[in-house]
Engineer: 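Below you will find the structure I want to go over with you.
A note on names: the letters A, B, ... follow the listed sequences, proteins ahead of strands, and every chain is numbered from 1.
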Number of protein chains: 2
Amino acid sequence: MNKITRIPTPEDAEALIREAGHRLTPQRSLLLDLLRSQKTFLDAEQLYALASQHEKDISLATVYRTLQLFVELGLVEARYLDPEHKREYYRIAGGLEYHYMTCRGCGAMIPVDPDIIEHVAQDWAKAHGLTLLTAHACYTGYCQECTKKRQEQAAREDLSG
Amino acid sequence: MNKITRIPTPEDAEALIREAGHRLTPQRSLLLDLLRSQKTFLDAEQLYALASQHEKDISLATVYRTLQLFVELGLVEARYLDPEHKREYYRIAGGLEYHYMTCRGCGAMIPVDPDIIEHVAQDWAKAHGLTLLTAHACYTGYCQECTKKRQEQAAREDLSG
DNA sequence: TTAACTGCAAAGCCTTTGCTCGTGA
DNA sequence: TCACGAGCAAAGGCTTTGCAGTTAA
């Protein structure tokens, strides 16, 4: 996964998609434009609704498939922001890194200082009149063993490909 | 939600259940015992499998309903530990606070120092030969406004009840 | 006694997938 | 031209719910 550190221009994105051997379809362009124009995270359904305003025959499956592709390419970031972690939210990659607290009452998303966690967070919450029910970090990646395997795999592909 | 700071004894738990106006059924006792005896997080299916060894007619729906009740009572903590956040994992409340990194390769859960996040985590990962793909904090609770509303609500209930 | 609880099966919700037709390069 | 991609509808995986019978208090 590429680590994109600024919001990609349409040209950046187009190049990235093409270099990875994918086609630039009208649907992909549209979804990319919509994502680039958004300030906040969207779920697939919301993006689908937006896209439908421009191209009425786009399908939800395409939205999901496109989001998946964009995430793989590092063009889009996916997060579980819902209070119950039911659905995933997406935004264009390269924005400021945010952590959110989602309000279980109204669903509001409150940005949280990235250095804050656990006991620190509890103090912070109290100081701001918030009620913090759960605070935990979510990490994903590859463990030592899998990291090694993947490095070996990459080395083999370099030799053979 | 009550904040439990040590693993509840069966008596603690029984009292908590009864005080909240719920019944202590054999299924609830069994699930509580099983959860208390576990060292790690379990998903509903795994708990169901364990429970089935003792009481063969217990249903998965009951496991889910019971877990939901226990979480509400603060007896159990729920977490999305799965690499893809597909399913929820549970353990008895009051244990040490842990954060995990889930390996996208093998699903292994690697405990993470709670103070670590983001850039700190990246350094930590590199030092340990891990590959960190995503790192973000997950907070849930009530925002300022909802906290206020809930406090007022609680006050009203104190007066009327 | 009776409201709370259980088991069962069906439904729900978000997301993915199989298939066939369409289309970018 | 033709492999990749889109639309549609159906399936999948985890979780919840409706219902009717059962049970704790």
Engineer: Between C:dC5 and B:Arg23, counting only base atoms on the nucleotide and side-chain atoms on the residue, is there a donor-acceptor pair under 3.5 Å?
Structural biologist: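 In this structure, the two groups form no donor-acceptor pair.
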Engineer: What is the separation between atom CG on A:Leu69 and atom P on C:dT15, rounded to the nearest whole Å?
Structural biologist: 17 Å
Engineer: Would you mind reading off the distance between A:Glu55 atom CD and D:dA6 atom C1', rounded to a whole angstrom?
Structural biologist: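 One finds 10 Å between C1' of D:dA6 and CD of A:Glu55, rounded.
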Engineer: Hey, does B:Gln38 have a side-chain heavy atom less than 4.5 Å from the side chain of B:Ile92?
Structural biologist: no
Engineer: With a 4.0 Å limit, can you tell me whether A:Tyr64 has a side-chain N or O closer than that to the phosphate oxygens OP1/OP2 of C:dT15?
Structural biologist: yes
Engineer: So A:Glu45, base contact, sugar-phosphate only, or nothing? Heavy-atom distance under 4.0 Å.
Structural biologist: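 Nothing, no nucleic acid heavy atom in range.
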Engineer: Tell me whether B:Arg36 contacts the main-chain N or O of B:Pro8 through its side chain, where contact means a donor paired with an acceptor under 3.5 Å.
Structural biologist: yes
Engineer: Can you find a heavy atom in the side chain of A:Thr25 that is under 4.5 Å from one in the side chain of A:Thr66?
Structural biologist: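 Heavy-atom side-chain distance check fails, nothing below 4.5 Å.
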Engineer: Pick the closest DNA chain D nucleotide for B:Pro26 and for A:Ser59 by heavy atoms, then say which residue is nearer the 5' end.
Structural biologist: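 Per heavy-atom nearest nucleotide, the more 5' residue is A:Ser59.
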Engineer: Any side-chain N or O of B:Arg18 below 4.0 angstrom from OP1/OP2 of D:dA25?
Structural biologist: yes
Engineer: Give the rounded distance in Å between these two atoms: CG of A:Leu24 and P of C:dA25.
Structural biologist: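 Atom CG in A:Leu24 sits about 6 Å away from atom P in C:dA25.
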Engineer: How many whole angstroms separate atom CG of A:Leu30 from atom C1' of C:dG24?
Structural biologist: 17 Å
Engineer: Is B:Asp57 touching bases, backbone alone, or none of the nucleic acid, heavy atoms closer than 4.0 Å?
Structural biologist: sugar-phosphate
Engineer: Verify the contact: side-chain N or O of A:Gln68 to OP1 or OP2 of C:dT16, cut-off strictly under 4.0 Å; return yes or no.
Structural biologist: yes
Engineer: Tell me the interatomic distance from B:Ile17, atom CD1, to C:dA4, atom C1', rounded to whole angstroms.
Structural biologist: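 Atom-to-atom, B:Ile17 to C:dA4, this comes out as 14 Å.
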Engineer: In whole Å, what is the span from the CD atom of B:Glu88 to the P atom of C:dC14?
Structural biologist: 15 Å
Engineer: Does B:His22 make a side-chain N or O approach to OP1 or OP2 of C:dA4 shorter than 4.0 Å?
Structural biologist: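 Negative; the distance criterion is not met.
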Engineer: How many whole angstroms separate atom NZ of A:Lys56 from atom C1' of D:dG7?
Structural biologist: 14 Å
Engineer: With a 4.0 Å cutoff (strictly under), does any side-chain N or O of A:Gln27 reach OP1 or OP2 of D:dG7?
Structural biologist: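 The answer is yes; a side-chain N or O of A:Gln27 sits under 4.0 Å from OP1 or OP2.
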Engineer: Just the rounded figure in Å: distance from P of D:dG5 to CD1 of A:Ile58.
Structural biologist: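 After rounding, the reported distance stands at 15 Å.
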Engineer: Looking at side-chain heavy atoms only, is the closest gap between A:Leu35 and A:Leu75 below 4.5 Å?
Structural biologist: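 Not in contact.
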Engineer: So, does the side chain of A:Arg65 form a donor-acceptor pair with the base of D:dG7 at under 3.5 Å?
Structural biologist: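 Flag set: donor-acceptor pair detected.
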Engineer: Determine yes or no for a side-chain-to-main-chain donor-acceptor pair under 3.5 angstrom, with B:Asp12 supplying the side chain and B:Thr9 the backbone.
Structural biologist: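 Answer holds: yes.
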Engineer: Between A:Val63 and B:Ala44, which has a closest nucleotide on DNA chain D that is more 5'?
Structural biologist: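 Comparing both residues, the 5'-ward one is A:Val63.
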Engineer: Closer than 4.0 Å, any side-chain N/O of B:Arg28 to the OP1 or OP2 of C:dC5?
Structural biologist: yes
Engineer: Please check the phosphate of D:dA6 (OP1 and OP2 only) for any side-chain N or O of A:Thr25 closer than 4.0 Å.
Structural biologist: yes
